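One structure is given here, and the rest of the page talks about it.
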Amino acid sequence: MSDEIRRNMALFPIGIVMKLTDLTARQIRYYEQHELIVPARTAGNQRLFSLNDVERLLEIKSLIEKGVNIAGIKQVLLPIEKNSDDATVINEQTEVARKELTDSDLHKYLKRQLRTKRPGQVSLIQGELSRFYNK
DNA sequence: ATTCTGACA
DNA sequence: TGTCAGGA
């Protein structure tokens with residue numbers, strides 16, 4: 001259960017997330033407006049993304065590339081629960097941690113992701129999914 | 001140096 | 001979506 005906290009802990013600013021996902025800041029902010037992601041905020045109103053946020057963004061990116069629009073993605077990506085979101089609350093501890101571990105922890109995580117091959121979690125009937133495609 | 005919101009030649 | 005302005 002402790003891993004869940006680490007996973008939902010807000011760590012990196014948009015700049016790093018951009019490199020991680022190859023998405024532009026514009027896109028990332030746009031997806032947030034459509035509630036596809038709900039990154040935490042610092043006292044200075046800066047976005048802080050968790051590993052889960054990054055994963056969701058990668059899923060979003062994948063779907064966008066396949067031509068799925070926002071409406072379709074909202075059906076695929078489970079809506080953000082209000083309860084488990086409290087882990088993204090920012091306190092002085094995470095604030096300090098963020099400054100220290102940003103790249104090192106990230107690389108550690110990415111390596112784990114590389115060997116933890118996971119099957120495309122997307123599971124929707126093609127017919128139903130096609131309803132959300134742009135063309 | 002970075003990021004944020006709003007707006008559109 | 002890109003990009004620029006103007007502020008934090």
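These figures come from a predicted structure and were not determined experimentally. All chains are named by letter (A, B, ...) in the order of the sequence lines, taking the proteins before the strands, and each is independently numbered beginning at 1.
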Item to check | Selected nucleotide, minimal atom distance to N45(A) side chain, candidates dT3(B), dG2(C), dC4(B) | outcome: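 Comparing dT3(B), dG2(C), dC4(B) against the side chain of N45(A), the answer is dC4(B).
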
Checklist entry - Knowing that exactly one of D53(A), L57(A), L23(A), L48(A) qualifies, which makes a side chain to side chain contact (heavy atoms under 4.5 Å, CB included) with V17(A)? => result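 Only one of D53(A), L57(A), L23(A), L48(A) forms a side chain to side chain contact (heavy atoms under 4.5 Å, CB included) with V17(A), namely L57(A).
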
For the residue pair [X] and [Y], what are the closest heavy atoms and their distance?
X	Y	value
V68(A)	I73(A)	CG1-N, 3.7 Å
K61(A)	T21(A)	CD-O, 3.2 Å
R29(A)	I14(A)	NE-CD1, 3.9 Å
A25(A)	M18(A)	N-CE, 3.6 Å

Tabulate atom names and distances for all N/O pairs under 3.5 angstrom spanning the protein and nucleotides 3-8 of chain C.
unit_1, atom_1, unit_2, atom_2, d
dT3(C), O4, R26(A), NE, 3.1

Next on the checklist: Under 4.0 Å, counting only non-hydrogen atoms across every strand here, what does I64(A) touch: a base, just sugar-phosphate, or nothing?
Outcome noted: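 It contacts sugar-phosphate atoms only.
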
Checklist entry - Taking CD1 from I14(A) and C1' from dC4(B), how many angstroms apart are they, rounded to a whole number? => result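 Between C1' of dC4(B) and CD1 of I14(A): 9 Å.
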
Next on the checklist: If I take atom CD in residue E32(A) and atom P in nucleotide dT5(B), what distance separates them, rounded to the nearest angstrom?
Outcome noted: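 Atom-to-atom, E32(A) to dT5(B), this comes out as 7 Å.
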
Next on the checklist: I'd like to know if the side chain of Q75(A) reaches the main chain of A71(A), judged simply by a donor and an acceptor atom lying under 3.5 Å from each other, with no hydrogens or angles considered.
Outcome noted: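 Confirmed, Q75(A) side chain pairs with A71(A) backbone.
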
Item to check | Check against side chain to side chain contact (heavy atoms under 4.5 Å, CB included), L11(A) and F49(A) | outcome: CA-CA 6 Å; L11(A) 297 176; F49(A) 302 77; over 6 Å; no

Item to check | Which nucleotides of DNA chain B pair, in dot-bracket form (Watson-Crick or G-U under 3.5 Å, | meaning another strand) | outcome: .|.|||||.

Checklist entry - Think Y30(A) has a side-chain N or O under 4.0 angstrom from the OP1 or OP2 of dT5(B)? => result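 Y30(A) to dT5(B) OP1/OP2: no side-chain N or O under 4.0 Å.
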
Checklist entry - Is any side-chain N or O of R47(A) closer than 4.0 Å to OP1 or OP2 of dC4(B)? => result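 R47(A) to dC4(B) OP1/OP2: side-chain N or O found under 4.0 Å.
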
Checklist entry - For Q33(A) and M18(A), take the nucleotide of DNA chain B holding the closest heavy atom to each; which residue's nucleotide lies nearer the 5' end? => result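 The residue mapped nearer the 5' terminus is M18(A).
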
Checklist entry - Passes side chain to side chain contact (heavy atoms under 4.5 Å, CB included), V38(A) versus E32(A)? Steps please. => result CA-CA 6 Å; V38(A) 185; E32(A) 177 187 19; 5.7 Å; no

